[in-house]
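Because the structure is predicted, anything quoted here is derived from the model rather than measured.
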Amino acid sequence: KPYRNAGELQRGSFTLFCHAPWGPGSEISPHHLLRVRPGVPAQFEEELLRAIHGIAPEWRANITPLSRARRELLRMGWRDHGFILLQGLCLFCINYVFIYHATVQLTSGLVAVVFSCMVILNMFGSALFLGVPLSWTVGLGALVGMAGMVGVFLPELEALDLTDANFRALLLCFAGTCSASLGNILSAQLHRRRLPVLSCNAWGMVYGALTLYLAALILGQDIRLDYSASYLLSLAYLALFGSVVAFWAYLTLIGRIGADRASYTTLLFPLVALLISTVVEGYQWTLVAFAGLCLVLAGNWLVMRRGSD
């Protein structure tokens, strides 16, 4: 029992480290798109991430007593780097580009509703690619949570006009969700290969950033940085807390409880953003939105209960 309680405490801690940075981050990200091209913020974030993660040359590793152990962690085979490359493209490149382009056209609430489909995608993806048995409690909890997301963001869904531009944005958002889901499955595979999460994240972000820069150069896009204090501070927040800390916690959580259950956090961090908006911006909760919140929390209980292991 003490071991089980300790495990639940660790899960709760990793989940908290996901929600706390990603909640405010979902409010910050759309403001970046008003100043630079979609996809460019991801390049800047991942460049900063690479510096924070510190993929260091050999001479820098030698200054620490644990240099040999550190070099062993970073010394991966070509097969390992192949998986990390695919993870970086899916999770830190294609996902960002598609979601950022969709956010230009759609509200953040609509993007959150579409992104909540990742729980179902991860559940079937884990069964198909990793041989993880399907869990009816996880599936039921995901459906209950998705119904709750519809209730929370019902006004935005009712206001959606299915023009060609909006429809294309919805397709982009779903494609980004599928890409992120595949990145989750690859992360679970990397965990099975017992590769360190931080090293995999650092290399994956390098591959993702280099691909974004290469694509921008080929397409002739203007790569520029807004030097205003608000932009730089929000960029630093998204890089340090929204990516280094949050992705470390989230991908560690995938290794601990599986990609299907860990992805339920994607339904929770938009609610954290709404709670912040309630205090800061005076967001008014309706009865339907509150009922949706209750459904999301009920779905979380179903997904995270012990019987769903």
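- The two residues Cys90 and Leu182 make their nearest non-hydrogen contact at SG-CD2, 3.7 Å.
- A donor-acceptor pair is defined here as one N or O able to donate and one able to accept, closer than 3.5 Å; such a pair exists between the side chain of Ser187 and the backbone of Gly183.
- Atom CZ of Phe167 and atom CG of Leu162 lie 7.5 Å apart (nearest 0.5 Å).
- Residues satisfying the side-chain contact (heavy atoms from CB on, under 4.5 Å) criterion with Val296, sequence neighbours excluded, are Met149, Tyr264, Leu267, Leu268, Leu271.
- When all heavy atoms of Ile254 and Ala188 are compared, the closest pair comes out as CG2-CB, 3.8 Å.
- Applying side-chain contact (heavy atoms from CB on, under 4.5 Å) to Asp260 and the options Asn184, Val138, Leu134, Ile120 leaves one that passes, Val138.
- Side-chain contact between Val119 and Met146 is absent, with no heavy atoms from C-beta onward closer than 4.5 Å.
- The residue from Leu128, Leu121, Leu130 that alone fulfils the side-chain contact (heavy atoms from CB on, under 4.5 Å) condition with Ile185 is Leu130.
- Taking CZ from Arg79 and CZ from Arg193, the interatomic distance works out to 5.0 Å, rounded to the nearest 0.5 Å.
- Closest approach of Gly242 to Phe247, counting heavy atoms only: O-CD1, 4.1 Å.
- Side-chain contact check for Val113 versus Val152: every heavy-atom pair is 4.5 Å or farther apart.
- Rounded to the nearest 0.5 angstrom, Gln284 CD and Ser277 OG are separated by 10.0 Å.
- In plain terms, the two heavy atoms of Leu195 and Cys200 that are nearest each other are CB-SG, 3.5 Å.
- The ring-ring contact (aromatic ring centres under 6.0 Å, His included) test applied to Tyr283 returns Trp285, not counting sequence neighbours.
- For the pair Arg261 and Asn122, the minimum side-chain heavy-atom distance is 4.5 Å or more.
- To the nearest 0.5 angstrom, Thr211 atom OG1 is 8.5 Å from Ile94 atom CD1.
- Between Ser126 and Ala259, the shortest heavy-atom contact is OG-CB, 3.8 Å.
- Every side-chain contact (heavy atoms from CB on, under 4.5 Å) that Asp164 has, sequence neighbours left out, goes to Arg168.
- In terms of modelled atom types and a separation under 3.5 Å, the side chain of Thr265 and the main chain of Ala262 share a donor-acceptor contact.
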Show your reasoning for whether side chain to side chain contact (heavy atoms under 4.5 Å, CB included) applies to Trp248 and Thr252. CA-CA 6 Å; Trp248 163 75; Thr252 301; 3.7 Å; yes

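- Between Gly176 and Asn95, the shortest heavy-atom contact is O-OD1, 3.4 Å.
- Between atom OH of residue Tyr100 and atom SG of residue Cys173 there is a gap of 13.0 Å, rounded to the nearest 0.5 Å.
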How far apart are the C-alpha atoms of Phe92 and Tyr207, what are their side-chain angles, what is the distance that settles it, and do they pass the ring-ring contact (aromatic ring centres under 6.0 Å, His included) test? CA-CA 8 Å; Phe92 306 122; Tyr207 294 139; over 10 Å; no

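- The closest donor-acceptor contact from the side chain of Thr266 to the backbone of Ser263 lies under 3.5 Å.
- You'll find the side chain of Glu156 stays beyond 4.5 Å of the side chain of Val111, heavy atoms only.
- A donor-acceptor pair shorter than 3.5 Å can be found between the side chains of Asp226 and Ser228.
- Residues Ser108 and Phe153 are not in side-chain contact: their nearest non-hydrogen atoms beyond the backbone lie 4.5 Å or more apart.
- Rounding to the nearest 0.5 Å places CG of Leu160 at 7.0 Å from CG of Leu106.
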